[in-house]
Every structure is written in structure tokens, then in C-alpha cells.
Amino acid sequence: MTRQKTSQHSYGLENADRILIIIVLAVGAILVAYFYSSDTLTSLLYLIPIILSSLWWRNKGIVAAALFSALLIGDHVWNQTLDVGLDSYRVIVFFVSAILISVLKGQTVAAQNETANLQMTLSETEDKHRSLINSVNAGVLVHTFGPGGRIIKANPAFVRMMGYSSLDDLLEVPFSELLASAEENVRISETLHRLKFLKDEHIKFARKNGTKLCGLVNSQLEYPQDGPPLIYTTVEDVTASLHLRTAFREAQALQTALFENTAAIMLIVEADDTIVSANANFEILTGYLRSDVEGKKKWTEFILKDQWIRIHTYQSLKRPDDEKAPRSYETLLVDRKGGIRNVFLTISSVEGGEKPLTMVEITERRHIEEALRESAKRHFKMSITDGLTKLYNSRHFYNQLQTEVDRATRHGYPLTLLLMDVDNFKHFNDSYGHLEGDGVLVRLARVIEHSIRASDTAYRYGGEEFVVLLPETSLDKGLIVAERIRADFKEEIFIPNAADRISATVSIGVAQYRPSEEPTSFVERADQSMYRAKQSGKNKVVAETAPV
């Protein structure tokens, strides 16, 4: 494109061409007058190479001048009219003139072509620059400096950024009205007046719809030779990124607050279990300063060794489909004084790098839970225990009887039951009172407890009646136990008053469980045996009449 324009410019008659033609004609006219010839036409032909040389490039002009000069000389020789001195002088003068004018013309045309090329390059550069500015996402604008500063130019990105439909709408708005507040305008003006530029300045703008835009602004104040001062400004919309940074800072502040103020121990540990960071509660609960452990100790050093082996083993055996889930354990933490604290440990699984770890002290909770368990045991035991004799009560007897029957049936073990009653107990109560009668029942309960195994169980069946269950015990062995109880109880001496020293006796019935028998039938057979013992004189042990 540049070459075409240059060629067209070289062959056109510009002002310089016209001036050169006038000069050539004037010089030619003088020479014709000075070297007057009868052949006027021939003299005029001398002007042709000079005129042509002024219109072409200098090389072509030189060739043309030489060519026509040779033709003229040839013409004179042919016509034998050559005056060597005069005509040679004329040819030399015209030839030299052609060369000089051609050189001058060539320099003038070269200068004109160079100027045209520079203008063309400048125009292309401006087009590219304008296209680049219009295509960028950042806002670019030029506005005047001062209280009434107005926008002169702006790229489409800035127009869109500010929410205007066209550049014309934007140009009608003073620059100060595009700012979110008058304070922003004052601040910008003072900074530009002092520094002549803005560098990565955060400035709040007001869009056309009233919403706020935070821009990262770079400006340069320039003072042209004519006209008002101009400000060249770029604006990058960083509203969203600032919101993200603000949210990130708030999240960091919240995270720090939670990390420091939580009642739990919080640690950040590396993959090799080295403590990177510990919160304030770590110091409170363990007695160690954070500076003593951060980057120096592993968190596993504060867990009892056998507890850590248990945790590590479980971690190693965890299922692959659950390996990313946090792991929680109840374990024991050792503080600086050697004290043991119950903690609830949570290990968060994070792929690579650092991972969080929390420990919540549950020592007090453990004490409370233990107390509750003990209380529950006591209440349960009270619910199944006779308050006077401390043996199990009749309600628990029937529950346990069914359990023992089921077990005997399942394994084929023998099961024997003793049912006993204190002889003449009503007479004793009537004679010495219920308090002394209660003492007799308590003494019988102690005799029973000392006469049976740990696997056997004794119950106060009701009033002065007692029951003993003997698992894995046949009838004959049950008779031995019953006889031991009867004999030992008879040896007990009671002193209801200062004058009396008396003993009490017990009648015992013995029965062995029969396969597929109902538990109630089993008890009834033992009761019948005990009744026969009463009827046969009391203080006896009687077995069922048809044992298994």
C-alpha cells in the first residue's frame, strides 16, 4: 500500500513540479534569447529533455537528457550545420542543466516520498493504537484537569464499565460526577496537582445506575502547548476482586478467632506429625508454651504410648472408601506435670501438606459419665434388690429364672432350685417384734450368700421365703447345698432380749428342672417339696418325689 501511494505521488504534478517547470522554462527562454538560432523549433527541442527530467526520477532524467542531446548533435551533423564550438557549448550547457535539475528533482521527490511514508506509518500506528485501546477490557479515557473537568475521549470498555449506552451520553457528564463522592474528587485532584500522576490508586466510581465501582486507576497529567491540561487515565474494574479479598480477610479473621478462642486444643500439623501451629488453649490444657512445641515436637508425643499405638493401628486398618473422612477417638493426653486428661481427638484427613487436628477435653465429662453409670448401676441394683436382705428380689428372680432355663435347655446343663421358708417366723415376730424378725431374715440371707458359689444367685421370694438358683447343678448336689444352708442357719444364735438366747430353723424344698418344663411349674415343684418339709417336722431338706 505504501509503494502504490509513493508511485502515484512521484508521477503527479505537485507544487514542487510546477515550480521546477517554471524554472526550466525561464532558463530555457533566457538561453534561447542568448543563443539565438534561426531554427527556433530546434532550440525549443533543447528544452524537452530538461522538462522530462524534472518530471521523472533523476536517473531517468539523466538518460533522457543524454539521449536528446545526442539526437540534436546528430541532427546538426546530418545537416552539416554544426558549429563545433557554439553547438558543443549549447549541448554541454543543456546536458549539465538537465543533470542539475534532475538531481534537485530527485532530492525533492525523495524528501516528499519520505514524508509521505512517515505520514503513512504514523497513520497506521494511530489506527493500530486506536484498535488496541478499543479492544482492551480496561477503561481508557482522556479528560481535562480542574473543577469542571470533562471527558474528551473514552474507549468502549470505559463506557460499558460506567453503565452508559454510548460515548456521547458519557461525554455529557462531568468527570467529577463519575466519582462516588466529592471527597474522592478532591483527593484525586490534590494528588495529581502534587505528583502529576496516580499509580495503582483505588478509586470509587458511581455507575449510571447508582451502583459503586472500585477501579484501579493510573493517571498522568500533561500540559499541552495550547489548550487546558489533560489527564490520561486507565481504569481497571477490581470491584469483584476487592469483594473476594474482603471476604477472604473476613474468613481469615473468623478462622483466627475460632482457632484462638475455641475451648478445644487446635493444632496444625505437618504430614510427619510435627506441630506447625498451636492455639492458646493448648498452653492452658497442657502447660507447654507454643514456642516450646511449634516446629519442635510432634503431637503424638503428648498421647500415651499405648493409646497412640491403638490409634495408629486403627488408622492403618481403615477402609479405603472411608480414608478421607475425619477420624475421631477418645484417648489420653499427658500434660506437662504428668497429669492424664481424657480428650476427644479428631484427625482431619487432608491430602498432602498440613492438616488440622483438634482435641476436646472430656475429663470432667468422663467423670460425670462414670458417676452416671455408677448411679445407673446402683439404681438398677436397687430395682432388683431386696432392701432388707440385699439379695435379689422376686421380680428379678423370674427374669433370671427364664434366662437360666433357656441356657440349661440350650446347653443341656442341669439346673436346680432351692425354695426355703423360716420356720415359725410369725410366732417369732409376735413374740419379739418385727425388728427382731427382720434381723432373722438378714442373718439367713448372709448364711445363703456364704453357702453358694459366685455363679449361683439368691433371692428373697417374699416375706420369710427365699429362693436359690444353682446353674449347672444336679439334684443331688443341690441337696448338699440346701443341707449346708439349713445346718449353718440353725447354728445362728439370736438374742431378742437380755433373757433369751434362741435359734431359728428353715425348711427347704429342692427341685431340678425338667426339659420343656414351664418355669412356673419348676417353681411349683420346689414349693411342694418345701411344704412337705414343713409337714414332716420342719428344719428339713426335702427333694421332689420323682427327680430327673
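Positions are given from 1 along the sequence.
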Peer 1: How close do Ser503 and Glu492 get, heavy atom to heavy atom, and via which atoms?
Peer 2: CB-O, 3.5 Å
Peer 1: Enumerate the salt bridge (charged side-chain N to carboxylate O under 4.0 Å, His left out) contacts for residues 455-465, please, sequence neighbours excluded, ordered by first and then second residue.
Peer 2: Asp386-Arg460, Arg453-Asp456
Peer 1: Would a distance-only check, ignoring hydrogens and angles, find a side-chain to backbone donor-acceptor pair under 3.5 Å from Arg484 to Ile452?
Peer 2: no
Peer 1: Does the pair Lys204/Glu184 count as a salt bridge with the N-to-O cut at 4.0 Å?
Peer 2: no
Peer 1: When you compare the side chains of Thr286 and Asp335, does any donor N or O come within less than 3.5 Å of an acceptor on the partner?
Peer 2: no
Peer 1: Side-chain contact test, heavy atoms from C-beta onward, threshold under 4.5 Å: evaluate it for Leu417 versus Leu470 and give yes or no.
Peer 2: no
Peer 1: Under a 4.5 Å cut-off applied to non-hydrogen side-chain atoms, are Leu333 and Ile340 in contact?
Peer 2: no
Peer 1: Check whether any side-chain heavy atom of His143 sits under 4.5 Å from a side-chain heavy atom of Tyr232, and report yes or no.
Peer 2: no
Peer 1: Restricting to ring-ring contact (aromatic ring centres under 6.0 Å, His included), what partner residues turn up for Phe205, sequence neighbours left out?
Peer 2: none
Peer 1: Among all residues two or more places apart in sequence or in another chain, which pass the salt bridge (charged side-chain N to carboxylate O under 4.0 Å, His left out) test with Glu449?
Peer 2: Arg446
Peer 1: Counting distance only, does the side-chain N/O of Ser536 pair as donor-acceptor with the main-chain N or O of Ala533 below 3.5 Å?
Peer 2: yes
Peer 1: May I ask you to check whether Asn539 and Asp423 show a side-chain donor-acceptor distance below 3.5 Å?
Peer 2: no
Peer 1: How would you list, by chain and number, every residue that makes a ring-ring contact (aromatic ring centres under 6.0 Å, His included) with Phe494, sequence neighbours excluded?
Peer 2: none
Peer 1: Is the closest basic N to carboxylate O distance between Lys426 and Asp430 below 4.0 Å?
Peer 2: yes
Peer 1: Apply side-chain contact (heavy atoms from CB on, under 4.5 Å) to residues Met420 and Ile485 and explain how you reach the verdict.
Peer 2: CA-CA 10 Å; Met420 62 196 74; Ile485 293 173; 4.1 Å; yes
Peer 1: If you count the non-hydrogen atoms of other residues, nucleotides and ligands that lie under 6.0 Å from NZ in Lys196, is the total more than 12?
Peer 2: yes
Peer 1: May I ask you to decide if Leu475's main-chain N or O and Gln512's side chain share a donor-acceptor pair within less than 3.5 Å?
Peer 2: yes
Peer 1: Looking at Lys298 and Asp272, what are the two nearest heavy atoms and their distance?
Peer 2: CE-O, 3.2 Å
Peer 1: Have His379 and Ser383 got a donor and an acceptor in their side chains that come within less than 3.5 Å?
Peer 2: no
Peer 1: If we ignore hydrogens and angles and just use 3.5 Å, is the side chain of Asp500 paired with the main-chain N or O of Ile502 as donor and acceptor?
Peer 2: no
Peer 1: With distance as the sole test, does Glu190 use its side chain to make a donor-acceptor pair with the main-chain N or O of Arg187 at under 3.5 Å?
Peer 2: no
Peer 1: Which is it for Tyr164 and Phe158 under the ring pair (Phe, Tyr, Trp, His ring centres under 6.0 Å) test, yes or no, and what are the steps along the way?
Peer 2: CA-CA 9 Å; Tyr164 287 85; Phe158 186 73; 8.6 Å; no
Peer 1: Under 30°, 30 to 60°, or over 60°: which ring-plane class applies to Phe302 and Tyr288, parallel, tilted or perpendicular?
Peer 2: perpendicular
Peer 1: Would you call the rings of Phe425 and Phe428 parallel, tilted or perpendicular, where under 30° means parallel and over 60° means perpendicular?
Peer 2: parallel
Peer 1: Any donor-acceptor pair under 3.5 Å linking the side chain of Asp527 with the backbone of Met530?
Peer 2: no
Peer 1: When you check the side-chain N and O atoms of Glu518 and Thr520, is any donor under 3.5 Å from an acceptor?
Peer 2: no
Peer 1: Do Thr300 and Asp273 have side-chain atoms, one donor and one acceptor, less than 3.5 Å apart?
Peer 2: no
Peer 1: Output all residues satisfying side chain to side chain donor-acceptor pair (under 3.5 Å) with Thr239, sequence neighbours left out; order by chain, then residue number.
Peer 2: Asp237
Peer 1: With a 3.5 Å distance limit and no angle check, can you tell me whether Thr416 reaches the backbone of Thr473 through a side-chain donor-acceptor pair?
Peer 2: yes
Peer 1: Please evaluate residues Leu332 and Ile303 with respect to the criterion side-chain contact (heavy atoms from CB on, under 4.5 Å), reporting the C-alpha separation (whole Å), side-chain torsions for both, the decisive distance (0.1 Å), and the verdict.
Peer 2: CA-CA 6 Å; Leu332 299 176; Ile303 303 296; over 6 Å; no
Peer 1: Determine the minimum heavy-atom distance between Arg407 and Pro471, stating which atoms define it.
Peer 2: NH2-CB, 3.4 Å
Peer 1: Are Thr274 and Trp299 side-chain neighbours, meaning at least one heavy-atom pair lies under 4.5 Å?
Peer 2: no
Peer 1: Tell me which pairs pass ring pair (Phe, Tyr, Trp, His ring centres under 6.0 Å) where either residue lies in residues 514-535, with sequence neighbours left out.
Peer 2: Tyr513-Phe522
Peer 1: Check each of Ile151, Asp169, Leu170 against Val159 using the side-chain contact (heavy atoms from CB on, under 4.5 Å) test, and report the only one that passes.
Peer 2: Leu170
